[in-house]
Amino acid sequence: MINILFCGNEGIFDGILTCMLSALMRNDSGESFSFYVLTMDVTRIDGRFVPISKRTERFLDAVAKSYGSGNSVRVIDVTDLYERTMHGNPNEKSSYSPYALTRLLSDLVPEIPGKILYCDADVLFNLDSNILYGIDVSDVEYAAARDHYGKFLVNPNFINSGVLLLNMDRIRSTGLFEKARKLVNERRMIFPDEIAIIKSTERKRMLPQRFNDQKFLWKHTVVRHFSKRLFWFPFPHTENIKQWRVTKVHKVFGYECFDDILYEYIYLKRVFESSH
């Protein structure tokens, strides 16, 4: 069984669906998947921050099960946990949504298993997810790859928290996320979730860039992370092209290897929207 964790609201439907499809459609190992989604209602901050609905949960679960009866999607509302532990923190209204902090609550959610792969919603599996999930993290709190820009600008081992292979048993034992929540509550940070995790870590495993490639796509890339990146032409600028912007993925990146996933996504999204 491969356990995968997402965090977010109704607005990340496209990301969850595409990432989920990539895991299911690149599944060469034949493993079953348990997808978990932590969601919450923080409309007090922004009216768009509504939790993932039961309707969306049922649809995603049906999609997962269409690839194997052993697959499942479970949405868990952590509104009360968030309000009790991080309400009003100085990072709540940063350039990142409060959902970036939601993963820091996973140690308090009993349904979250001892080993789980956290993924931002803007990632796609290029190869079988079990290549990553099968890595041994029994003696560390988590495994992560370096941040493409942070490794040059901040620290050579500055991690990107968009893909984290979590040893939840050890995290609960060391109090990693508890310490991270404390930091989030105490001071404002540029990258609140990443910095809080890094500063609270006792032991981690560094992974090759192929497990969280934020700029390039190679044949050996396991996870392509569609995060904001720098482009030099026609002039230096940044763009935040997500995988569900299919035309941009074709025109800017020239990727065709994800077409089977993205065309299935387009079809399923139409099905979902027409079922209102």
Side-chain angles (χ1 to χ4, degrees), residues 1-7 19-20 22-23 26-29 31-38 100-109 112-152 154-181 183 191-227:
M1 178 67 72
I2 295 175
N3 303 308
I4 295 181
L5 174 65
F6 301 109
C7 297
C19 183
M20 203 174 79
S22 72
R26 296 292 183 265
N27 182 19
D28 299 326
S29 57
E31 292 281 352
S32 294
F33 291 87
S34 286
F35 297 99
Y36 297 83
V37 188
L38 300 186
L101 304 174
T102 313
R103 77 200 78 176
L104 303 181
L105 296 168
S106 53
D107 61 323
L108 301 175
V109 180
I112 299 299
K115 183 180 184 181
I116 196 164
L117 175 61
Y118 168 81
C119 292
D120 278 354
D122 57 352
V123 311
L124 289 180
F125 290 97
N126 182 52
L127 299 174
D128 189 343
S129 59
N130 200 43
I131 300 172
L132 171 54
Y133 194 80
I135 292 172
D136 182 19
V137 289
S138 59
D139 60 344
V140 295
E141 291 164 307
Y142 61 87
R146 292 165 177 82
D147 184 83
H148 180 82
Y149 297 106
K151 67 186 178 186
F152 299 114
V154 183
N155 182 289
N157 285 327
F158 190 82
I159 64 156
N160 181 278
S161 63
V163 180
L164 298 170
L165 184 58
L166 302 170
N167 178 349
M168 291 304 304
D169 291 334
R170 192 177 182 97
I171 286 170
R172 287 172 172 129
S173 174
T174 63
L176 166 60
F177 286 164
E178 182 180 357
K179 289 181 282 188
R181 291 192 297 271
L183 282 174
F191 309 109
D193 59 301
E194 282 175 338
I195 292 174
I197 290 172
I198 290 168
K199 287 187 173 293
S200 304
T201 300
E202 290 188 4
R203 192 173 183 189
K204 64 180 180 291
R205 173 157 289 122
M206 299 303 300
L207 298 176
Q209 205 69 67
R210 68 189 289 241
F211 291 108
N212 184 357
D213 205 323
Q214 302 131 52
K215 188 172 183 180
F216 302 111
L217 177 67
W218 312 98
K219 287 185 178 179
H220 65 270
T221 297
V222 178
V223 177
R224 174 64 169 93
H225 189 172
F226 290 80
S227 53

| note | Value for CG (Leu164) from CG (Leu117), rounded to nearest 0.5 Å, stands at 8.5 Å
| request: Apply ring pair (Phe, Tyr, Trp, His ring centres under 6.0 Å) to Tyr133 and list each qualifying residue two or more places apart in sequence or on a separate chain. | output: none
| request: Report yes if the side chains of Lys115 and Asp169 come closer than 4.5 Å at any heavy-atom pair, otherwise no. | output: no
| said: Please give me the minimum heavy-atom distance between Leu165 and Ile135, naming the atom from each residue. | reply: CD2-O, 3.7 Å
| request: Answer whether the closest heavy-atom distance between the side chains of Phe125 and Ile4 falls below 4.5 Å. | output: yes
| Among side-chain atoms of Tyr118 and Ser161, is any donor-acceptor pair under 3.5 angstrom? | no
| message | Please identify which of these residues, Val37, Thr102, Ile116, meets the side-chain contact (heavy atoms from CB on, under 4.5 Å) condition with Leu5. | response | Ile116
| request: For the residue pair Leu207 and Leu132, establish whether any side-chain heavy-atom pair is separated by less than 4.5 Å. | output: yes
| query | Any idea which heavy atoms bring Ser200 and Ala180 closest together, and the distance? | reply | OG-N, 3.2 Å
| message | How close do Cys19 and Ala121 get, counting heavy atoms only, and between which atoms? | response | CB-O, 4.4 Å
| message | Any heavy-atom pair between the side chains of Ile2 and Asn130 that's under 4.5 Å? | response | yes
| said: I'd like to know if the side chain of Arg224 reaches the main chain of Leu124, judged simply by a donor and an acceptor atom lying under 3.5 Å from each other, with no hydrogens or angles considered. | reply: no
| message | Given 3.5 Å as the limit, does a donor-acceptor pair link the side chain of Gln209 with the main chain of Arg146, or not? | response | yes
| Do the side chain of Asp107 and the main chain of Arg172 share a donor and acceptor less than 3.5 angstrom apart? | no
| query | Do Arg181 and Leu105 pass the side chain to side chain contact (heavy atoms under 4.5 Å, CB included) test, and can you show the C-alpha distance, the side-chain angles, and the key distance before you say yes or no? | reply | CA-CA 8 Å; Arg181 291 192 297 271; Leu105 296 168; 3.9 Å; yes
| request: Return the orientation label for the Phe216 and Trp218 ring planes: parallel under 30°, perpendicular over 60°, tilted otherwise. | output: tilted
| task | Would you check if Asn3 and Met168 make a side-chain contact, meaning some heavy-atom pair closer than 4.5 Å? | result | no
| request: Scan residues 119-133 for pairs that pass salt bridge (Lys or Arg N to Asp or Glu O under 4.0 Å), counting only residues two or more places apart or in two chains. | output: Arg103-Asp120, Asp122-Lys242
| Nearest-0.5 Å distance that lies between atom OG in Ser106 and atom OH in Tyr36 | 12.0 Å
| Quick check: does any side chain N or O of Thr201 sit under 3.5 Å from a backbone N or O of Ile197, one acting as donor and the other as acceptor? | yes
| message | Looking at every heavy atom in both Ala144 and Asn160, which two are closest together, and how far apart are they? | response | CB-O, 4.3 Å
| task | Kindly give the heavy-atom pair with the smallest separation between Asn212 and Ala145, and that separation in Å. | result | CB-CB, 3.8 Å
| Do Asp147 and Phe191 have side-chain heavy atoms sitting under 4.5 Å apart? | no
| query | Is the count of non-hydrogen atoms from other residues, nucleotides or ligands lying under 6.0 Å from Glu178 atom CD greater than 12? | reply | no
| message | Using every non-hydrogen atom in the two residues, find where Asp193 and Leu101 come nearest and quote the distance to one decimal. | response | N-CD2, 4.2 Å
| Under 4.5 Å between any side-chain heavy atoms of Phe211 and Val163, yes or no? | no
| request: Would you mind reporting whether Ile159 and Glu194 have side-chain heavy atoms less than 4.5 Å apart? | output: no
| task | Check the pair Ser29, Asn27 against side chain to side chain contact (heavy atoms under 4.5 Å, CB included), reporting the backbone distance first and the verdict last. | result | CA-CA 6 Å; Ser29 57; Asn27 182 19; 3.2 Å; yes
| request: Ignoring hydrogens and angles, state whether a donor on the side chain of Asn126 or Thr221 is under 3.5 Å from an acceptor on the partner side chain. | output: no
| Where at least one partner belongs to residues 132-145, residue pairs that pass salt bridge (Lys or Arg N to Asp or Glu O under 4.0 Å), sequence neighbours excluded | Asp139-Arg203, Asp139-Arg205
